Amino acid sequence: MTPLRKSVVEIFMSEIESRDFIRQIIHDDLASGKHQQVVTRFPPEPNGYLHIGHVMAICLNFGVTAETGGRTYLRFDDTNPGKEKVEYVDAIERDVRWLGFDWQDRLTHASDYFGQLHKAAVRLIEIDKAYVDSLSAEDTRTYRGTLTEAGKNSPYRDRSVAENLELFERMRNGEFADGEMMLRAKIDMASPNMNLRDPALYRIRHLSHQHTGDSWCIYPLYDFAHTMSDAFEGVTHSLCTLEFEDHRPLYNWFLEQLKPEHLPRQIEFSRLNLAYAITSKRKLNALVEEGIVDGWDDPRMPTISGMRRRGYPAAALLDFVRRAGVTKKNKLIEMGAFENCLRENLGEESPRRMAVLRPLKVVLSNYPDDKVEMMEAMNHPGRPEMGTRSLPFSRELWIEQDDFMEEAPRKFFRLKPDGEVRLRFGYIIRCDEVIKNDAGDVVELRCSYDPDTRSGTGRSERKVKGTIHWVSSAHCIDAEVNLYDRLFTEVNPNKAEDFRAVLNATSLETVSAKLEPSLSELSSGEVVQFERLGYFCPDSETDSANKRIFNRVVTLRDSWAKLEKQAMQQQG
Ligand code: ATP
Ligand code: MG
């Protein structure tokens with residue numbers, strides 16, 4: 001008899017199976033009994049901060065093991081001491097944790113395995129699969145050949161095992177200068193795959209390492225260290241981005257020669273690229289070093305720390321990469337799609353507040369001087385359970401400059417001379433007089449309010465077409481608000497000859513705003529919607545007791561949509 005319901009495990013497994021090709025492979029490997037448990041790793045090099053592309057790799061590696069009861073290592077791929085820093089190590093840990101992933105006791109470093117890697121290298125020499133080369137850097141390059149021409153064997157390739165062992169030992173003991181010798185795999189200088197033309201395994205760097213200090217002066221190269229670290233940790237599925245596809249034969253070569261107990265399998269997926277953003281650590285580093293942005297966590301940066309400071313919720317990032325999916329095809333994802341993900345997430349969750357970004361003074365001439373009324377305002381129009389708050393209303397108010405037009409077109413339903421508008425949660429007001437300064441700018445509006453029109457009282461049936469937001473000038477708080485926009489004007493700044501040439505000159509505008517009093521209490525990480533304006537949150541870095549700074553997370557609507565669509569089409 002067939003059971004009526006699928007078991008939870010079956011449903012779970014079919015969900016895994018259906019999502020993407022990597023989950024399909026994992027599903028099959030568990031179903032066939034090839035593996036009892038899935039082991040993955042996220043292996044960042046601590047040479048910069050993590051960015052949106054890494055979010056995808058983190059979610060994939062930690063995701064597949066969370067879904068199947070496996071385990072995931074956070075492994076620092078720290079084999080390049082010249083570029084790596086403790087600052088980056090700390091930032092990476094903070095970011096992975098903030099996304100909600102837990103490596104438990106599985107925090108490792110490629111450098112934890114320097115001893116084992118050294119042994120593996122010695123083993124390769126012993127089986128005549130590695131040799132110490134003394135070619136200069138320049139000769140190494142010419143001997144390597146080109147994509148269309150085979151390389152040439154180094155004259156040192158046939159050194160005896162004994163001589164290689166001795167030289168490698170002396171390399172390790174610091175008897176040679178940087179670049180004087182290197183250990184290379186002995187594979188095939190004529191291979192059409194350049195990665196197999198006797199790749200370097202170890203080079204000499206007389207440099208202190210951020211994790212191992214001065215214990216070593218020889219350092220393993222990425223391919224060797226990475227493959228063997230995977231094997232040492234019992235990684236079953238080594239998930240990496242497509243640029244490593246050509247390295248897979250080398251990955252497998254190491255495993256064939258060294259026959260470790262655990263044999264990991266490398267599987268490649270496409271990188272996540274976001275329109276209008278750069279996701280190369282080298283270029284992000286240049287933005288920071290050259291002072292183009294205010295550090296790695298500048299809210300315009302596509303780094304995890306920048307996005308956190310900007311106010312992007314971790315849940316929205318996870319949702320975004322889930323929707324982007326894991327594929328084999330490199331693609332550029334629209335910034336609009338990313339921002340819509342944010343809007344969906346924030347729209348549900350964020351309380352509504354009132355704020356005026358470019359204030360224009362309004363004086364209600366028929367409102368008593370010392371009177372203050374408390375207006376009841378909904379915290380979320382779609383979610384009554386989020387409650388209400390009281391907004392002070394008084395004779396002098398601030399409204400948004402562009403909610404008033406002196407010479408307004410017929411369809412302008414906000415405030416104009418002799419026109420009427422409703423103040424949200426307040427009264428209907430009429431503009432009686434426009435006051436200008438000597439330069440002719442409008443600096444104040446004299447208005448009158450209709451006492452019969454208070455919101456929620458039902459006393460007047462009178463309706464007007466427009467509703468605008470406001471704050472009471474006697475009660476509001478002052479704040480600086482950073483209005484962030486895209487950092488680049490080109491949909492794919494990675495393709496620009498110089499990314500500096502396609503910077504968006506107006507990616508940051510700072511305005512002096514007036515906020516409703518309750519906003520003095522909001523803490524960083526809490527996002528609210530300023531009604532009619534967008535989503536905002538307090539800045540985590542520069543806020544101080546007497547000065548509030550808010551960041552715009554995202555606008556309510558996508559003003560770039562059309563432009564981006566066109567640009568994406570041109571990209572093909
Ligand atoms: P960059 O080229 O910017 O320096 P990287 O790939 O060298 O980035 P790593 O620190 O080596 O950065 O990356 C750690 C892991 O994250 C790797 O497995 C890598 O494949 C993955 N990864 C990096 N960038 C992306 C991306 N844009 N999309 C998906 N995964 C990525
Ligand atoms: Mg890398």
Side-chain angles (χ1 to χ4, degrees), residues 20-22 39-65 72-80 82-85 87-93 95-96 99 101 103 107-111 210 221-223 225-227 229-230 233 235 237-248 251 264-289 296 301-307 317-318 320-333 335 338 492-494 499:
D20 56 63
F21 77 99
I22 289 181
V39 182
T40 59
R41 82 291 167 270
F42 171 63
E45 182 177 359
N47 62 349
Y49 282 56
L50 300 179
H51 52 63
I52 182 75
H54 292 115
V55 177
M56 160 160 263
I58 294 168
C59 287
L60 178 62
N61 280 293
F62 282 93
V64 294
T65 56
T72 299
Y73 290 87
L74 170 60
R75 185 204 306 147
F76 289 104
D77 166 35
D78 54 353
T79 53
N80 199 354
K83 290 201 217 144
E84 295 159 6
K85 285 197 219 160
E87 176 198 346
Y88 300 141
V89 170
D90 294 343
I92 290 170
E93 288 182 34
D95 289 347
V96 175
L99 285 174
F101 296 104
W103 54 84
L107 182 94
T108 58
H109 306 78
S111 59
Q210 48 86 20
L221 276 100
Y222 173 83
D223 286 300
H226 184 244
T227 310
S229 303
D230 282 348
E233 287 174 356
V235 166
H237 300 81
S238 178
L239 312 176
C240 60
T241 33
L242 278 179
E243 69 271 23
F244 292 103
E245 199 164 16
D246 287 348
H247 296 238
R248 187 170 2 114
Y251 189 95
R265 169 177 174 194
Q266 175 176 311
I267 306 169
E268 308 86 17
F269 62 96
S270 59
R271 290 176 86 88
L272 177 88
N273 294 308
L274 188 58
Y276 298 103
I278 267 174
T279 46
S280 139
K281 280 191 271 186
R282 188 179 55 78
K283 289 178 185 170
L284 292 173
N285 192 37
L287 289 171
V288 174
E289 290 297 313
W296 284 96
M301 291 281 269
T303 52
I304 299 179
S305 52
M307 295 188 291
L317 300 186
L318 302 194
F320 172 66
V321 301
R322 190 188 155 99
R323 288 189 207 186
V326 179
T327 67
K328 274 267 184 200
K329 198 167 159 252
N330 271 324
K331 60 187 172 217
L332 189 63
I333 299 188
M335 185 64 127
F338 178 53
N492 194 350
N494 294 299
F499 61 87

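The first residue of the sequence shown is numbered 1, and numbering continues consecutively from there. Just follow the structure's listing: the first ligand is 1, and inside any ligand the first atom is 1. Just so you know, these numbers come straight off a predicted model, no measurement behind them. Just so you know, these numbers use all the heavy atoms, side chains as well, and skip hydrogens, waters and symmetry mates.
In terms of the side-chain contact (heavy atoms from CB on, under 4.5 Å) criterion, residue partners of Asp223 (sequence neighbours excluded) are, by chain and number, His247, Leu250, Phe254. Every residue meeting the side-chain contact (heavy atoms from CB on, under 4.5 Å) condition with Ser270, not counting sequence neighbours, appears here in chain and number order: Leu242, Thr327, Asn330.
Backbone and side-chain nitrogen or oxygen atoms of His54 are examined, and one is located within less than 3.5 angstrom of a nitrogen or oxygen of ligand 1. In terms of polar-atom proximity, Arg41 is not counted as a contact of ligand 1, lacking any N or O under 3.5 Å from an N or O of the ligand. Ligand 1 has no nitrogen or oxygen under 3.5 angstrom from a nitrogen or oxygen of Phe244. Considering both main-chain and side-chain atoms, Asn47 never comes within under 3.5 Å of ligand 1 through any nitrogen or oxygen pair. For Lys281, a nitrogen or oxygen atom sits less than 3.5 Å from a nitrogen or oxygen atom of ligand 1, counting backbone and side chain alike.
A side-chain donor-acceptor contact under 3.5 Å links Glu84 to the backbone of Asn80. Under a 3.5 Å cut-off, the side chain of Asn494 and the backbone N or O of Ile278 do not form any donor-acceptor pair.
Which parts of ligand 1 touch Ser280 is read off a 4.0 Å heavy-atom cut-off, strictly below it: atoms 3 (O). Contact atoms of ligand 1 toward Pro43: 14 (C), 18 (O) (distance under 4.0 Å to a heavy atom of the residue). Atom numbering of ligand 1 starts at 1 in the shown order; those under 4.0 Å from a heavy atom of Thr241 are 19 (C), 20 (O), 29 (C), 30 (N), 31 (C).
When non-hydrogen atoms are compared, ligand 1 lies under 4.0 Å from the side chain of His51 (C-beta onward) but not from its backbone.
At a threshold of 4.0 Å, the pair Glu233-Arg41 does not count as salt-bridged, since none of the basic side-chain nitrogens sits closer than that to a carboxylate oxygen.
Residues Ala286 and Phe499 approach most closely at CB-CZ, 3.8 Å, considering heavy atoms.
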